[in-house]
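Presented below is the structure to which this report refers.
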Amino acid sequence: MEKKNIDWASLNFTYIPTDYRYVSTYRDGAWDDGALVTDPNVTINESAGVLQYAQTCFEGLKVYTTADGRIVAFRPDLNAQRMVDTAKRLLMPVFSTERFLDALTQMVRANLAYVPPYGSGATLYVRPYLFGSGPVIGVAPAPEYTFRMFCTPVGPYFKGGIKPLRLQVSAYDRAPPRGTGHIKAGLNYAMSLFAGNEAKKNGFSENLFLDAATSTFVEETGGANFIFITKDGTVVTPKSPSILPSITRRSLMYVASEILGMKIEERPVPLKEIPSFVEGGLCGTAAVISPIGSITTAEGEIFIPSGMEEMGPVTRLLYDTLTGIQMGTVAAPEGWIYPIA
């Protein structure tokens, strides 16, 4: 299929409407058959559950053009399962994994002209979301729900290439930054917006959240998880019940251990331990891995010894291996790549 006339290399991580999106509605105890639609606008009642009590969740995943020209998604079954877990916790009807993957296939195939070509540096970002669309005024689950999925071609999350980021320890919120608490699911980024905006106003790339109980352990940022590298090459990631269970982070830890033969640790990471690490990075669907150059705390600035100019060697190896799997140049573990076209 002929591609849209888009300057793929110049794309930012911003929304560009595509031709089709997928919509399904839950009424009277059952989901309808779902369909592709062309209208990007959502019309709902003023008393919809999502507007009154924020009964909603979302996911994010990417679709790639591989080196041999295939169109694939990376581990979308895990996004589907995470949405199932979130829906149950929020008393929303489950949109099954099978329906989720079918919706993904239909929507991407209908928008193939928007899938960036291999080697362009861009990808197709997919946003599924589920919300209470029926009216409710008492504190209760909504009587009706809508599942939607749209896609948009995007460039890098942190524009300007792979260069180290400057982080600021949040001076504000200590609560779970992405709203998940003790459930293994995704939910809502709204409570992270204030601290993230303050960090950017102060000239930083992102904020760093500490644990809510003691404000001494590293948790995550408003939009990504952490990985760190010790002097002996061990890959360390923070462990906490309030951290979003990132699919990218899980995949990176598997790559480190099972493919690259590295030692890995998932454990609490005290902020005071940061100076002992030789590399650090933020990881997530949007960024994959972005290296950390420095972290500013109330006591001063911590510099990551891998340098302020480039990605450290271990982080680079992890990045190259995972993106190679996604792009089809590195053999993928069974079930990681979902073929679409």
Side-chain angles (χ1 to χ4, degrees), residues 11-17 40 42 44 48-62 79 82-83 86-87 89-90 92 125-132 148-150 152 154-160 165-213 215 217-226 238 240-249 271 281-290 292 294-298:
L11 287 177
N12 294 308
F13 200 86
T14 53
Y15 169 73
I16 297 174
V42 180
I44 53 178
V50 62
L51 300 179
Q52 302 308 314
Y53 302 115
Q55 197 180 21
T56 181
C57 66
F58 70 89
E59 283 293 327
L61 62 144
K62 284 183 176 180
N79 294 96
R82 192 166 60 183
M83 179 170 272
T86 310
R89 182 64 176 81
L90 295 180
M92 296 194 292
Y125 186 78
V126 176
R127 171 54 58 84
Y129 58 111
L130 173 62
F131 60 94
R148 293 180 68 102
M149 181 184 289
F150 69 86
T152 180
V154 297
Y157 188 71
F158 294 106
K159 194 69 174 175
L165 307 174
R166 296 178 65 236
L167 308 185
Q168 178 184 37
V169 174
S170 173
Y172 304 96
D173 308 298
R174 303 295 189 203
R178 291 193 266 182
T180 57
H182 288 257
I183 57 172
K184 293 183 177 179
L187 177 57
N188 192 310
Y189 286 13
M191 71 171 70
S192 72
L193 296 179
F194 182 82
N197 186 63
E198 289 298 302
K200 290 177 174 64
K201 281 169 54 178
N202 292 332
F204 296 92
S205 309
E206 258 288 8
N207 63 289
L208 182 155
F209 284 103
L210 300 174
D211 71 292
S215 297
F217 294 97
V218 174
E219 296 259 291
E220 58 181 359
T221 71
N225 291 142
F226 282 102
S240 166
S242 66
I243 292 175
L244 185 99
S246 163
I247 294 165
T248 302
R249 184 181 69 156
L271 179 63
L282 299 184
C283 60
T285 297
V288 186
I289 310 177
S290 290
I292 301 167
S294 68
I295 298 172
T296 297
T297 74

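Please read all numbers here as calculations on a predicted model, not as lab measurements.
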- Task: Report the residues that fulfil side-chain contact (heavy atoms from CB on, under 4.5 Å) with Thr14, sequence neighbours left out, ordered by chain and then residue number.
- Result: Asn12
- Item | Minimum-distance pair of heavy atoms, taken over all atoms of Phe209 and Ala195 | CZ-CB, 3.9 Å
- Pair Glu59-Arg82, salt bridge (Lys or Arg N to Asp or Glu O under 4.0 Å): steps then yes or no: CA-CA 8 Å; Glu59 283 293 327; Arg82 192 166 60 183; 2.7 Å; yes
- All heavy atoms of Leu11 vs all of Pro156, minimum pair found to be O-CD, 3.8 Å
- Note on the structure: Paired with Phe131, the side-chain contact (heavy atoms from CB on, under 4.5 Å) test is passed by just one of Ile44, Leu51, Leu90, namely Ile44
- Item | Gln168-Thr296 side chain donor-acceptor pair, cut-off 3.5 Å | no
- Item | Shortest non-hydrogen separation from Leu61 to Asn79 and the atoms involved | CB-OD1, 3.6 Å
- Query: Side chain of Ser290, backbone of Leu282: donor and acceptor closer than 3.5 Å?
  - Reply: no
- Cationic tip of Arg148 above Tyr129 ring, under 6.0 Å, 45° of axis: no
- Message: Checking the side chain of Ser205 only, and the main-chain atoms of Leu167 only, is there a donor and an acceptor separated by less than 3.5 Å?
- Response: no
- Item | Leu210 to Glu219 - nearest heavy-atom pair and separation | C-CG, 3.4 Å
- Answer yes or no: is there a side-chain heavy-atom contact under 4.5 Å between Arg249 and Ile243? yes
- Message: Using 0.5 Å steps for rounding, measure from the CG atom of Leu271 to the CG atom of Leu208.
- Response: 7.0 Å
- Item | Over all atoms of both residues, closest heavy-atom pair of Glu220 and Ser242 | OE2-O, 4.0 Å
- Kindly write out the residues that satisfy ring pair (Phe, Tyr, Trp, His ring centres under 6.0 Å) with Tyr125, not counting sequence neighbours, or none if the list is empty. Phe13
- Message: Using 0.5 Å steps for rounding, measure from the SG atom of Cys283 to the CD1 atom of Ile247.
- Response: 12.0 Å
- Message: Checking Leu193 now: which residues fulfil side-chain contact (heavy atoms from CB on, under 4.5 Å) with it, not counting sequence neighbours?
- Response: none
- Item | Thr152 (side chain) donor-acceptor with Ile16 (main chain) under 3.5 angstrom | yes
- Item | Closest non-hydrogen atom pair between Gly223 and Glu206, with its separation | N-OE2, 3.9 Å
- Query: Would you say Phe226 and Ser246 make side-chain contact, with heavy atoms under 4.5 Å?
  - Reply: no
- Is there a donor-acceptor contact under 3.5 Å from the side chain of Lys62 to the main chain of Ala286? yes
- Query: Are any side-chain N or O atoms of Asn207 and backbone N or O atoms of Thr221, one a donor and one an acceptor, separated by less than 3.5 Å?
  - Reply: no
